Amino acid sequence: MSFKKDLLGFSLNSVMATERLLRGRQSPSSNVDSVLILEYMLPLGCCVHLTPVYEAIRQMRPDIMLTVATRGIGLDLLRHNPAIDHLIGTPDPLRETFAAAKALRAELAHRKLRPSCTLTGASDQRSRIALMALLAGAGWRGGFTLAPQLYHVPASYRRDQSLIDNNLQLAEVIGLKSEHYEPRVYFSSADVESAEKLMQFANPEGKPLLVMVTQASGGQRTGWHDERFVQVIRYAHQTLSCAVVYVGTSADSAAVERLRLAAGTGTSLTGQTSVTELAALLAMSDAAVTLDTGTMHIGRAVGLPMVILGPSWQKPLEWLPLKTKNVRILRGEDRDHAPVSYKLDEVQAEHAIEALTDLLHGYPANFEQRQARIERSLSSVDHRVSL
């Protein structure tokens with residue numbers, strides 16, 4: 001193992017030596033006027049948790065040209081983000097590293113962009129992404145990586161900080177002060193119109209609107225017992241006078257429909273929204289009861305009051321919006337591992353009902369608050385026009 005590691009280190013050092021020979025020495029500098037960020041690890045939460053970096057750069061250095069290269073849902077999520085100047089789509093570097101780098105180089109040349117540096121966030125620590133950064137030849141390289149030999153300014157993940165605050169180290173890499181910024185997800189007026197039509201269908205009487213996020217994204221044990229969801233939904237509808245909508249992907253539709261039928265109320269909107277339409281819908285709602293999943297992170301980004309059902313086996317510091325006034329987090333005591341049958345067993349339906357009642361008491365359904373959330377995230381930018 002040590003021999004292989006030494007051999008890999010020797011190979012990467014040789015690559016850097018070749019780069020210096022062909023391109024000259026790349027020297028990190030505080031005189032940064034154009035930044036390229038690579039974002040290719042695409043769980044929705046990872047994408048949302050990188051958006052504070054774009055906000056930080058735009059707020060502290062509005063003169064910097066900010067370009068993001070990504071793919072798939074990353075393009076969809078950032079489509080209307082006004083903090084970004086250029087959004088570039090490429091093939092997946094984890095599958096087609098050279099093709100992705102070639103496409104990125106071509107697009108940078110087409111747009112006449114010469115980035116001072118290329119950066120990668122904490123979720124994008126993959127050697128192939130580092131190799132893509134090198135092959136793209138877009139200035140010096142900094143940020144998080146498993147191949148620090150290829151980076152001029154590698155960053156180290158700090159376990160005592162959240163994923164967001166770790167990502168904000170990228171601001172430090174380019175000489176900016178690393179202040180805390182919250183995630184932001186933007187949507188268009190067309191997204192608002194689409195969301196309004198869905199809401200008129202689901203809530204024609206204009207009741208307080210509660211969003212239920214009952215399906216996890218898969219892979220990790222973050223689900224909750226259906227019968228406990230049913231108790232919460234019935235209480236919200238019958239006692240708190242809420243209209244209930246269920247959101248999720250098309251793949252969630254069957255499970256959501258079973259739950260909706262068991263609860264006897266609500267409207268399923270699964271598979272009916274794009275990611276930015278979902279953001280608009282959440283901004284226009286009054287509260288959510290949600291698992292720790294991608295939709296929850298979008299809810300945080302648009303400022304929606306939420307009750308979050310969090311897993312006890314995952315440290316809350318990394319992902320959850322701690323100390324956020326309009327959020328109630330329910331989870332058990334910390335544990336190292338979750339049993340195979342684990343379904344947030346420590347959180348009872350009564351806990352969620354109490355938290356939701358308290359949340360709606362402090363943040364009652366309010367037209368002005370919904371409008372404020374919409375205006376805060378409404379954008380006239382559409383990067384997909386140039387893709």
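Only a predicted model underlies this, so the values are computations on that prediction, with no experimental measurement involved. Quick note: numbers below take in every heavy atom, side chains included, and nothing from hydrogens, waters or symmetry partners.
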To the nearest 0.5 Å, what is the distance between [atom1] ([X]) and [atom2] ([Y])?
X: L309; Y: K343; atom1: CG; atom2: NZ; value: 13.5 Å
X: T67; Y: I88; atom1: OG1; atom2: CD1; value: 5.5 Å
X: T293; Y: I298; atom1: OG1; atom2: CD1; value: 9.5 Å
X: L322; Y: S162; atom1: CG; atom2: OG; value: 8.5 Å
X: M65; Y: L113; atom1: CE; atom2: CG; value: 6.5 Å
X: R184; Y: T51; atom1: CZ; atom2: OG1; value: 8.5 Å

Please give me the minimum heavy-atom distance between [X] and [Y], naming the atom from each residue.
X: M212; Y: I233; result: CE-CG1, 3.8 Å
X: G143; Y: V173; result: N-CG2, 4.4 Å
X: A138; Y: L108; result: CB-CD1, 4.1 Å
X: M41; Y: C46; result: O-CB, 3.8 Å
X: T270; Y: S253; result: OG1-OG, 2.9 Å
X: N81; Y: A83; result: OD1-N, 2.8 Å

Does the plane of the ring in W224 sit parallel, tilted or perpendicular to the ring in F229? Use 30° and 60° as the thresholds.
perpendicular
Which class fits the ring pair H297 and W319: parallel under 30°, tilted 30 to 60°, perpendicular over 60°?
tilted
Under a plain distance cut-off of 3.5 Å, with no hydrogens placed, do S194 and D191 share a side-chain donor-acceptor pair?
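There is no such pair between these side chains.
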In the structure I gave you, are the side-chain heavy atoms of [X] and [Y] within less than 4.5 Å of one another anywhere?
X: E39; Y: C47; answer: yes
X: L282; Y: F187; answer: no
X: L240; Y: Y235; answer: yes
X: D382; Y: H80; answer: yes
X: R370; Y: R373; answer: yes
X: M199; Y: L281; answer: yes
X: E205; Y: S241; answer: no
X: L291; Y: L344; answer: yes

Set out, in order, the CA-CA distance, both residues' side-chain angles and the distance that settles side-chain contact (heavy atoms from CB on, under 4.5 Å) for D76 and S274, then state yes or no.
CA-CA 8 Å; D76 297 333; S274 67; over 6 Å; no
Worked check of side-chain contact (heavy atoms from CB on, under 4.5 Å) between Q169 and R158:
CA-CA 10 Å; Q169 287 187 57; R158 301 169 185 169; 3.5 Å; yes
Out of curiosity, does I164 fall in the hydrophobic cluster containing I174 (side-chain heavy atoms, cut-off under 4.5 Å, transitive links)?
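Yes.
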Taking atom [atom1] of [X] as the centre, does the number of heavy atoms from other residues, nucleotides or ligands within less than 6.0 Å exceed 12?
X: K102; atom1: NZ; result: no
X: Q348; atom1: CD; result: yes
X: K197; atom1: NZ; result: no
X: R376; atom1: CZ; result: yes
X: Y157; atom1: OH; result: yes

Any sub-3.5 Å donor-acceptor pair from R228's side-chain atoms to V347's backbone N or O?
yes
Take I84 and L78 through the test side-chain contact (heavy atoms from CB on, under 4.5 Å) and record every step on the way to the result.
CA-CA 8 Å; I84 297 170; L78 299 176; 3.9 Å; yes
So among L210, L356, V232, which one has a side-chain contact (heavy atoms from CB on, under 4.5 Å) with V307?
L356
Check this for me: does any side-chain nitrogen of one of D85 and R58 sit under 4.0 Å from a carboxylate oxygen of the other?
yes
Looking at E346 and R335, does any basic side-chain N land under 4.0 Å from a carboxylate oxygen?
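The answer is yes: the pair qualifies as a salt bridge.
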Test side chain to side chain donor-acceptor pair (under 3.5 Å) applied to D252 and T249, step by step:
CA-CA 5 Å; D252 299 326; T249 66; 3.2 Å; yes
Residues R234, T265; criterion side-chain contact (heavy atoms from CB on, under 4.5 Å); working and verdict
CA-CA 7 Å; R234 288 177 175 172; T265 189; 5.6 Å; no
